[in-house]
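Computed from heavy atoms alone, side chains included, the values below leave out hydrogens, waters and symmetry copies. Not measured: the values here are computed from a predicted model.
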Amino acid sequence: MKQVFEDTIRRDLHLFLQSMKEVDERLPECSDVEEKWEQIAKAYIPDGIREFNDFPSASLGWMMYIGMAVAKFWDAEWDIYSKVEDLYA
């Protein structure tokens, strides 16, 4: 069930961003970041859920902002950042 929800959100967000001409049809893949992503997301969830009811767009936007930061970390010094235990903090 969780995977179906995640796949639906991913597909809908991708289609929305494509319609806004913000992303390409093919999404980039980065397995070393994906390995770290679950840990980052789990650390963010308590903050995101706490704010979601009052600020749903902000809560989701913050998660996207975290994703952008991780992309920057990967591009700049991933060999250092990948070893940080709690990258969200």
Side-chain angles (χ1 to χ4, degrees):
M1 185 70 169
K2 176 185 170 209
Q3 188 63 43
V4 172
F5 177 73
E6 183 178 321
D7 290 343
T8 301
I9 293 293
R10 182 180 306 202
R11 185 188 67 244
D12 288 351
L13 181 59
H14 183 229
L15 290 173
F16 171 73
L17 292 172
Q18 261 188 303
S19 74
M20 303 295 288
K21 307 255 189 272
E22 296 294 331
V23 297
D24 295 327
E25 182 177 333
R26 185 172 182 272
L27 290 172
E29 296 179 21
C30 188
S31 60
D32 42 344
V33 170
E34 287 181 23
E35 291 172 13
K36 192 84 169 157
W37 187 250
E38 186 171 344
Q39 179 186 26
I40 296 166
K42 282 182 180 179
Y44 171 74
I45 292 294
D47 292 335
I49 289 176
R50 182 178 55 247
E51 301 297 335
F52 188 81
N53 284 335
D54 292 330
F55 308 103
S57 295
S59 180
L60 295 173
W62 294 331
M63 194 69 205
M64 288 188 267
Y65 185 74
I66 292 166
M68 291 169 43
V70 171
K72 174 64 177 169
F73 291 161
W74 183 87
D75 192 43
E77 298 283 339
W78 188 246
D79 54 323
I80 294 170
Y81 291 112
S82 66
K83 294 173 180 72
V84 174
E85 184 137 343
D86 188 356
L87 201 52
Y88 173 68

Identify whether L60 and I40 are in the same connected component of the hydrophobic contact network (ILVMFWY, side-chain heavy atoms under 4.5 Å). no

Summary of salt bridge (Lys or Arg N to Asp or Glu O under 4.0 Å) pairs that have at least one residue in residues 33-43, sequence neighbours excluded: E38-K42

How long is the straight-line distance from CZ of F5 back to CG of D7, given to the nearest 0.5 Å? 11.0 Å

Between CG of L87 and CD of E85, what distance do you get to the nearest 0.5 Å? 11.0 Å

Does W62 share a hydrophobic cluster with I49, counting links as ILVMFWY side-chain heavy atoms below 4.5 Å and allowing steps through other members? no

Quick one: do F52 and I45 satisfy side-chain contact (heavy atoms from CB on, under 4.5 Å)? Show the steps, please. CA-CA 10 Å; F52 188 81; I45 292 294; over 6 Å; no

Might you work through the side-chain contact (heavy atoms from CB on, under 4.5 Å) test for V23 and F16, ending with a clear yes or no? CA-CA 9 Å; V23 297; F16 171 73; over 6 Å; no

Under 6.0 Å from the CH2 atom of W74, do we count more than 12 heavy atoms belonging to anything else shown? no

Which word best sums up how the rings of F73 and Y81 line up, parallel for under 30°, tilted for 30 to 60°, or perpendicular for over 60°? parallel

About how many Å separate CZ of R10 and CD of Q3, when rounded to the nearest 0.5 Å? 7.0 Å

S59 side chain vs F55 backbone, donor-acceptor pair below 3.5 Å: no

Work out which heavy atom in D32 is nearest to a heavy atom in C30; give both atom names and the distance. OD1-SG, 3.0 Å

Donor-acceptor contact present, side-chain H14 to main-chain I9, <3.5 Å: no

If we ignore hydrogens and angles and just use 3.5 Å, is the side chain of Q39 paired with the main-chain N or O of Y88 as donor and acceptor? no

As an exercise, state the distance from CG of L17 to CG of D24, rounded to the nearest 0.5 Å. 11.5 Å

Is R50 salt-bridged to D47, cutoff N-O under 4.0 Å? yes

